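First the structure, in the form of structure tokens, and then the observations on it.
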Amino acid sequence: MWKKTVIALYVVVVAVLAAATIVEKFEGTPFVARYIYGAWWFSLLWGLLAAAAVFYFLKRRVRRASTVALHLSFVVILAGALLTHLTSYQGLIHLRRGEPASICMDRYELPFQLTLQRFDIAYHEGTRAEADYTSRFTISDTGEEAQVSMNNIYSHRGYRFYQSSYDPDFEGSYLAVNSDPWGIPVTYGGYALLFLALVWMLFDPRGTYRKLLKQSAGVGCWVMGAGCWVLGAADASAQTRVLPRETAEKFGQLMVVYNDRVCPMETYALDFTKKLYGKRSYGDYTATQVLTGFIFFYDDWSKEPVVKIKGGELKERLQLADYTSLNGLFNQNGYVLGPYVSDYYMGGQSGELEKQASKVDEKVGLIMELHQGKPLKLFPYTWGHGITWYGPTDDLPADMDQEHQKYMHEVFTLLNGEVQAGNWQNANAYLEKMQKYQQTFGGRSLPSPVRIKAERLYNRVPFATVLFMVCLTMAFLSLLKWRPVRWLAWGVLAVSFLMLTLCMTLRWIIIDHIPMSNGYETMLLLAWLLQLLTFLMGRRFPVMLTFGLLMSGFFLLASHLSLMDPQMSHMMPVLQSPLLTLHVSIIMMAYALLSLTFICAVVGLLLRRQAAYLQLLSRLFLYPALTTLGIGIFLGAIWANISWGTYWSWDPKETWALITFMIYGVAVHMQSLPRLERPAFYHGFMLVAFLSILMTYFGVNYLLGGMHSYA
């Protein structure tokens, strides 16, 4: 009875959590916060599950200390959550400079007043990218001066204050207020017990995981097949005027403000070309030649078929080829995309045809902006408050030094004259002078020489594109039992690991923070972790060579696809916390291990003779995966409490991470669920369970949204 009750309640809880994230997409966060997460029946549901689980646990008379500690930690965490729900206060207070305030926006009154003295935004030098927000205020009952900034809170008389947002005129600031004297200590105690129990689960000499390790000898490999990929490139017209490579490269070495950071022009050129054409080059022309072609030879390049058309319905409706020119999107009736994009942007029709048209329209917009000179922020100028970069077509401030104004407005015209005349030596001289101008007046806004060299090296090598093809090809070849092929596969893995390490190191140097802040970077991290795991476990489990190459290749392929955005930018202020590194790296380790259980499941269902061995291997991955996933989730909760004042907010990413943890947690309960001992059933369950990983990582980011969708 208790077993069936626990299973039924468990399934209901998981289903409610999943449904709530979908409801939030359509009804909004306030709706689900009030009618689901904050409702009495939701708390009751968790309470019933906890009570039923405790009764079932006692009935089975479980005595292993590590198992008791693990399950007890969940009870303590739920108790802490209940205390937070019943006794805590969370609110928002609006401060205006020089005006005392004690009443929060929901009319709750603090027992003291705050008076804002000053609000500041710190920017990354030379850009408008925010680095931090700081509110400075005084406390009425002590006269003490205090300040809060992102990830730096202030505590007073049991209340904690967090920087939330600010007024557009910079004269006001919003602080999040939190008071949770009972829930946080209990919850943190539960977290500590959970960390201890999860690690204990792996090292308990009488635990299941240690028994699995003793049974793990003899997992082998087998033959399946091999594959290869062929890529091609379009030819560009030989009649199109273009800068010589030497001149284009000099242009690419200039610094420009792009994506809210100062970087080499070639970085902007690569992104421009990839967005237009879908590749890093156009025929024999480099990305910088493409960019400068549109700058200096606009009429010629308007005829080149460099605009990639993805939508099949749009191509059929407008009779467009896979690649078209800018001129090809205009006819005697005007802009051929006009009727479709106007419907899309005006909130009218938004079907697939209109969406496809809007994607092409974005590419047209990139060309038009470049033709107007808007992105070319090439000229730094020092003001009293810092350094600002201007473009040749910008309206310059009247109080700017006249000599600088003249240079900014005229140098591009002079350069263009030399380019049109084909005087490449003179053009190169102008570019060298522009580079010296930047070095002279760029000051602190310029990247260091090491960062510039790192970025130029990074731009030369399409790491993800090369490595995904190599890894996937060698994954299939490694299935052959021929020893030279497997030695070659190990060599390829070693080179791939070194190249991936170099790729991530270069990104770290370029952006000046560990590369874990977006989808592209976490895909690279997953691939790197899988290759590291392959080296650590490959000798004991030869099949790991195939699995490691295959899954790392798939993650590199995912990073290569246009769904990911490889652009580099400054880290958002809220992410500037040392806990980010721990949280993301541990979570990614869990996902890497769980992806290997997925491969075990696929192969185990295809090759039934190897199913038992693969079940053993899968379970060896599963236990450390649950350990890292659990620790990663609750490290994230601690970080959230430090940054936002709440350790759990039922954000869609948090919710789906919990769902994933709960689903995979089922697979270790073989004594309660004996069907899982059957290899076929176990692999089938793990195959379905992987869908929760896909939903957590991709579904939330690209379908549901939420706080974590910035990645």
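Atoms considered below: every heavy atom in the structure, side chains included; atoms not considered: hydrogens, waters and symmetry mates. Quick note: residue numbers are just sequence positions, from 1. Computed from a prediction, not measured in an experiment: that's the story for all the values here.
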For Arg507, is there an ion pair with Glu455 - N to carboxylate O distance below 4.0 angstrom? no

Can you name the nearest heavy-atom pair linking Ala427 to Leu415, along with the distance? O-CD1, 3.7 Å

Test item: Pro652 and Val700 side chains (from C-beta on) under 4.5 Å apart, heavy atoms: yes

Between the side chain of Gln289 and the main-chain N/O of Val242, is any donor-acceptor distance below 3.5 Å? no

Main-chain N/O of Gln356 paired with Glu313 side-chain donor or acceptor, under 3.5 Å: no

Would the distance check show the side chain of Thr473 and the main-chain N or O of Met469 forming a donor-acceptor pair, the cut-off being under 3.5 Å? yes

Asp300 versus Thr240, side-chain donor and acceptor atoms under 3.5 Å: no

All heavy atoms of Leu556 vs all of Cys471, minimum pair found to be CD1-SG, 4.3 Å

Between Leu337 and Ala357 the two heavy atoms that sit nearest each other are CD1-O, 4.0 Å

Asp169 side chain to Glu171 backbone, donor-acceptor under 3.5 Å: yes

Determine, using ring centers only, whether Phe441 and Tyr381 are less than 6.0 Å apart. no

Please indicate whether Asp399 has more than 12 foreign heavy atoms, meaning atoms of other residues, nucleotides or ligands, lying under 6.0 Å from its CG. yes

Using only heavy-atom distances, determine whether the side chains of Ser149 and Thr134 contain a donor-acceptor pair under 3.5 Å. no

Looking only at heavy atoms, what is the nearest atom pair of Pro380 and Ile387, with distance? CB-CG2, 4.0 Å

Which atoms form the tightest heavy-atom contact between Leu431 and Thr247, and what is the distance? CD1-O, 3.6 Å

With a 3.5 Å cut-off and no angle check, do the side chains of Tyr268 and Asn259 form a donor-acceptor pair? no

Salt bridge between Lys374 and Asp394, side-chain N to carboxylate O under 4.0 Å? no

When you check the side-chain N and O atoms of Glu304 and Ser325, is any donor under 3.5 Å from an acceptor? no

For the residue pair Phe119 and Phe170, does the interplanar ring angle fall in the parallel (under 30°), tilted (30 to 60°) or perpendicular (over 60°) class? parallel

Would you say the side-chain atoms of Asn459 and Thr267 include a donor-acceptor pair closer than 3.5 Å? yes

Check: Ser165 main-chain N/O paired with Gln163 side-chain donor or acceptor under 3.5 Å: yes

Passes salt bridge (charged side-chain N to carboxylate O under 4.0 Å, His left out), Glu266 versus Lys250? Steps please. CA-CA 9 Å; Glu266 68 178 14; Lys250 285 185 178 294; over 6 Å; no

Around Lys315, counting heavy atoms of other residues, nucleotides and ligands shown, do more than 12 lie under 6.0 Å from its NZ? yes

Using side-chain contact (heavy atoms from CB on, under 4.5 Å), reason through Arg280 and Thr273 one step at a time and then give a plain yes or no. CA-CA 6 Å; Arg280 294 167 55 90; Thr273 305; over 6 Å; no

Can you check ring pair (Phe, Tyr, Trp, His ring centres under 6.0 Å) on His409 and Phe379, steps first, answer last? CA-CA 10 Å; His409 278 313; Phe379 306 110; 9.2 Å; no

Donor-acceptor contact present, side-chain Gln438 to main-chain Met255, <3.5 Å: yes

Could you tell me if Gln420 and Asn416 have a donor-acceptor pair between their side chains, going purely by distance under 3.5 Å? yes

N/O donor-acceptor pair under 3.5 Å between Lys653 side chain and Thr696 backbone: yes

Plane angle bin for Trp301 and Phe294 - parallel if under 30°, tilted between 30 and 60°, otherwise perpendicular: tilted

Write down the atom of Leu530, the atom of Ser552, and the distance for their closest heavy-atom approach. CD1-N, 3.8 Å

Centroid separation under 6.0 Å, is that true for the rings of Phe497 and Trp528? yes

Spell out, as yes or no, whether a donor-acceptor pair under 3.5 Å connects the side chain of Ser445 to the backbone of Gly442. yes

Would you call Asp322 and Lys308 a salt bridge, taking side-chain N to carboxylate O under 4.0 Å as the test? no

Under a 3.5 Å threshold, yes or no: a donor from one side chain and an acceptor from the other, between Gln372 and Thr393? no

Donor-acceptor pair, Ser496 side chain versus Leu493 backbone, under 3.5 Å? no

Flag yes if more than 12 heavy atoms outside Arg460 fall under 6.0 Å of its CZ atom; otherwise flag no. yes

Between Tyr298 and His371, how do the two ring planes meet: parallel, tilted or perpendicular, split at 30° and 60°? parallel

Is Arg118 salt-bridged to Asp120, cutoff N-O under 4.0 Å? yes

Verify side chain to side chain donor-acceptor pair (under 3.5 Å) between Thr288 and Glu249, making sure each step is shown before the conclusion. CA-CA 7 Å; Thr288 314; Glu249 186 175 350; over 6 Å; no

Is it the case that over 12 heavy atoms from other parts of the model lie below 6.0 angstrom from the CH2 atom of Trp508? no

Check the orientation of Tyr390 and Trp383. Use parallel for under 30°, tilted for 30 to 60°, and perpendicular for over 60°. perpendicular

